[in-house]
Amino acid sequence: MTLTAPVPPAPADTAKRPVRGPRSRTGTSAWTPWLYLLPALAVLGALLVYPVYQLGLISFLEYTQAQVSGGEPTSFQGLGNYTALFADPQFRQVLLATVVFAAACVAGTLAVGCALAVLLTRVRALPRLALMLAALGAWATPAVTGSTVWVFLFDADFGPVNKLLGLGDFSWTYGRYSAFALVLLEVVWCSFPFVMVTVYAGIRAVPTEVLEAAALDGASQWRIWRSVTAPLLRPILAVVTIQSVIWDFKVFTQIYVMTGGGGIAGQNLVLNVYAYQQAFASSRYSLGAAIGVVMLLILLAVTLVYLRLLRRQGEEL
């Protein structure tokens with residue numbers, strides 16, 4: 001008599017099993033992070049998406065004071081506002097000046113912020129605290145207040161800087177390049193604390209064993225920063241660079257206050273001030289909206305290109 005093993009029951013129909021969503025390595029659903037982000041996305045959608053939609057819509061219309069007051073009907077212009085904008089030689093000049101000015105501000109902000117962040121790691125606790133407080137004071141100063149103070153410091157008649165440098169009644173805001181240089185100094189002064197604090201926090205997170213090993217191998221401080229610290233800080237540097245590009249490309253208050261609305265004959269105009277003049281001073285709201293859309297597209301393009309370059313280098317953000 002032979003014994004046979006019991007036959008296991010046939011498996012249930014797999015088609016009747018409930019389909020579950022993909023799961024991550026930790027066992028949570030792939031949709032869980034999006035559920036946590038949903039409230040923030042809803043707020044951003046209400047505060048950002050709708051205004052951007054309205055901005056884009058107005059840029060395709062003829063929308064001046066006549067349409068605002070109801071004297072004339074609103075008409076669809078298509079790309080007419082953009083055609084007129086790019087055909088204007090002043091717009092092209094202002095666009096070039098904005099790009100160059102923003103690039104100089106970003107470079108200066110990153111250089112000063114990173115240098116002071118490294119300095120914070122080299123000084124004792126008391127000087128570090130004093131430098132932190134001074135930097136945070138500059139960061140917390142409102143843009144209008146800081147710009148007014150800088151105009152007074154460099155005033156041709158009463159400013160202490162001219163007296164200290166022996167420049168007499170030299171006017172910093174009269175010449176185009178000197179006015180841009182003055183505004184650049186103020187922008188760097190109020191922007192470097194963010195870079196300094198962020199990069200300093202990143203440096204403190206770098207393992208000391210790595211830095212000590214590089215020092216034992218005979219690497220100089222500059223070589224340690226360039227070959228060890230900076231690569232480890234690349235994601236943080238990417239964040240502060242993108243933030244600086246966005247802030248400095250949209251500079252308005254400093255230019256408007258320190259150059260009196262754009263300088264003599266508009267020689268110190270940037271895109272934000274130029275858009276303000278077109279929209280509110282000339283009541284050409286559709287043209288001002290078109291300038292805003294162009295600025296938005298430029299910033300999106302710069303951000304996406306920068307992030308793509310980082311991803312090619314294998315960085316995870």
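For the pair Gly56 and Val293, the tightest heavy-atom approach, listed with the atom from each and the gap, is CA-CG2, 4.0 Å. Among all heavy-atom pairs drawn from Leu237 and Tyr306, the shortest one is O-OH, 4.3 Å. Residue Thr303 comes nearest to Leu299 through the heavy atom pair OG1-O, 2.8 Å, listed as atom of the first residue, atom of the second, then distance. Residues Ser171 and Ala156 approach most closely at CA-CB, 4.1 Å, considering heavy atoms.
Note on Ile291: it does not cluster hydrophobically with Leu296, by side-chain heavy-atom contacts below 4.5 Å among ILVMFWY residues. A continuous path of hydrophobic side-chain contacts links Trp222 to Val206 [ILVMFWY only; heavy atoms under 4.5 Å]. Transitive grouping of hydrophobic side chains (ILVMFWY, heavy atoms separated by less than 4.5 Å) keeps Leu129 and Leu116 in distinct clusters. In this structure, Leu297 is not a member of the same hydrophobic cluster as Leu304, with clusters built from ILVMFWY side-chain heavy atoms closer than 4.5 Å. A single hydrophobic cluster is seen to contain both Leu85 and Leu79, as judged by linkage of ILVMFWY side chains at heavy-atom distances under 4.5 Å, directly or through other members.
Of the possible donor and acceptor atoms, none in the side chain of Ser191 sits under 3.5 Å from a partner among the backbone N and O of Val188. Put simply, the side chain of Asp88 gets close to the backbone of Gln90: a donor and an acceptor are under 3.5 Å apart. With hydrogens and angles ignored, the 3.5 Å screen pairs a side-chain donor or acceptor of Thr141 with a backbone N or O of Gly137. Under a 3.5 Å cut-off, the side chain of Asp169 and the backbone N or O of Asp157 do not form any donor-acceptor pair.
Between the CG atom of Asp248 and the OG1 atom of Thr109 there is a distance of 5.0 Å, given to the nearest 0.5 Å. One finds the CD1 atom of Ile246 at 11.0 Å from the CE atom of Met295 (value rounded to the nearest 0.5 Å). Interatomic distance, CG of Leu57 versus CD of Gln54, reported as 5.5 Å (0.5 Å rounding). A distance of 6.0 Å separates CD of Glu72 from OG1 of Thr64, quoted to the nearest 0.5 Å. One distance of note links CD of Gln254 with OG of Ser147; it measures 4.5 Å at 0.5 Å rounding.
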- request: For Gln243 and Thr241, run side-chain hydrogen bond (donor to acceptor under 3.5 Å, both in side chains): C-alpha distance rounded to whole Å, both residues' side-chain angles, the deciding distance at 0.1 Å, then the answer.
  value: CA-CA 5 Å; Gln243 289 279 10; Thr241 300; over 6 Å; no

message: Pair Arg284, Gln65 - check side-chain hydrogen bond (donor to acceptor under 3.5 Å, both in side chains), show working.
response: CA-CA 7 Å; Arg284 302 168 69 183; Gln65 187 61 39; over 6 Å; no

message: Pair Asn268, Phe101 - check side-chain contact (heavy atoms from CB on, under 4.5 Å), show working.
response: CA-CA 10 Å; Asn268 296 113; Phe101 176 74; over 6 Å; no

task: With side-chain contact (heavy atoms from CB on, under 4.5 Å) as the test, would you mind laying out the steps for Leu41 and Trp34 before giving the verdict?
output: CA-CA 9 Å; Leu41 292 176; Trp34 291 102; 4.0 Å; yes

- prompt: Hey, mind stepping through Phe60 and Tyr82 against ring pair (Phe, Tyr, Trp, His ring centres under 6.0 Å) and telling me if it holds?
  reply: CA-CA 8 Å; Phe60 290 107; Tyr82 294 95; 5.6 Å; yes

- prompt: Can you list the steps and then say if Leu44 with Val49 is a side-chain contact (heavy atoms from CB on, under 4.5 Å)?
  reply: CA-CA 7 Å; Leu44 287 177; Val49 175; over 6 Å; no

message: As a quick check of understanding, evaluate side-chain contact (heavy atoms from CB on, under 4.5 Å) for Val195 and Ser244, giving each step before the final call.
response: CA-CA 9 Å; Val195 177; Ser244 298; 4.1 Å; yes

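Shown here is Arg92, whose CZ atom has more than 12 heavy atoms of other residues, nucleotides or ligands within 6.0 Å. The 12-atom threshold is exceeded at CZ of Phe76, counting heavy atoms of other residues, nucleotides or ligands nearer than 6.0 Å. Open room surrounds CZ on Arg223; 12 or fewer heavy atoms of other groups in view lie less than 6.0 Å from it.
Residues Tyr256 and Tyr276 place their aromatic rings such that the two centres sit under 6.0 Å apart. Aromatic ring centroids of Phe158 and Phe152 lie 6.0 Å or more apart.
Side-chain contact annotation: Tyr63 with Asn81, donor-acceptor N/O pair under 3.5 Å absent. No side-chain donor from either of Gln67 and Thr74 sits under 3.5 Å from a side-chain acceptor of the other.
Here the options are Asn272, Ile298, Val270, the test is side chain to side chain contact (heavy atoms under 4.5 Å, CB included), and the partner is Thr98; only Val270 passes. Partner Phe154 forms a ring-ring contact (aromatic ring centres under 6.0 Å, His included) with one of Tyr174, Trp172, Phe170 and no other, that one being Trp172.
Under the side chain to side chain contact (heavy atoms under 4.5 Å, CB included) criterion, Thr208 pairs with Glu212, sequence neighbours left out.
The aromatic rings of Phe194 and Trp247 lie perpendicular to each other, with more than 60° between the two planes, well past the 30° mark.
Between Thr198 and Val239, the closest side-chain pair of non-hydrogen atoms is not below 4.5 Å. For the pair Phe91/Leu271, a side-chain contact is recorded, criterion being any heavy-atom separation below 4.5 Å from C-beta on.
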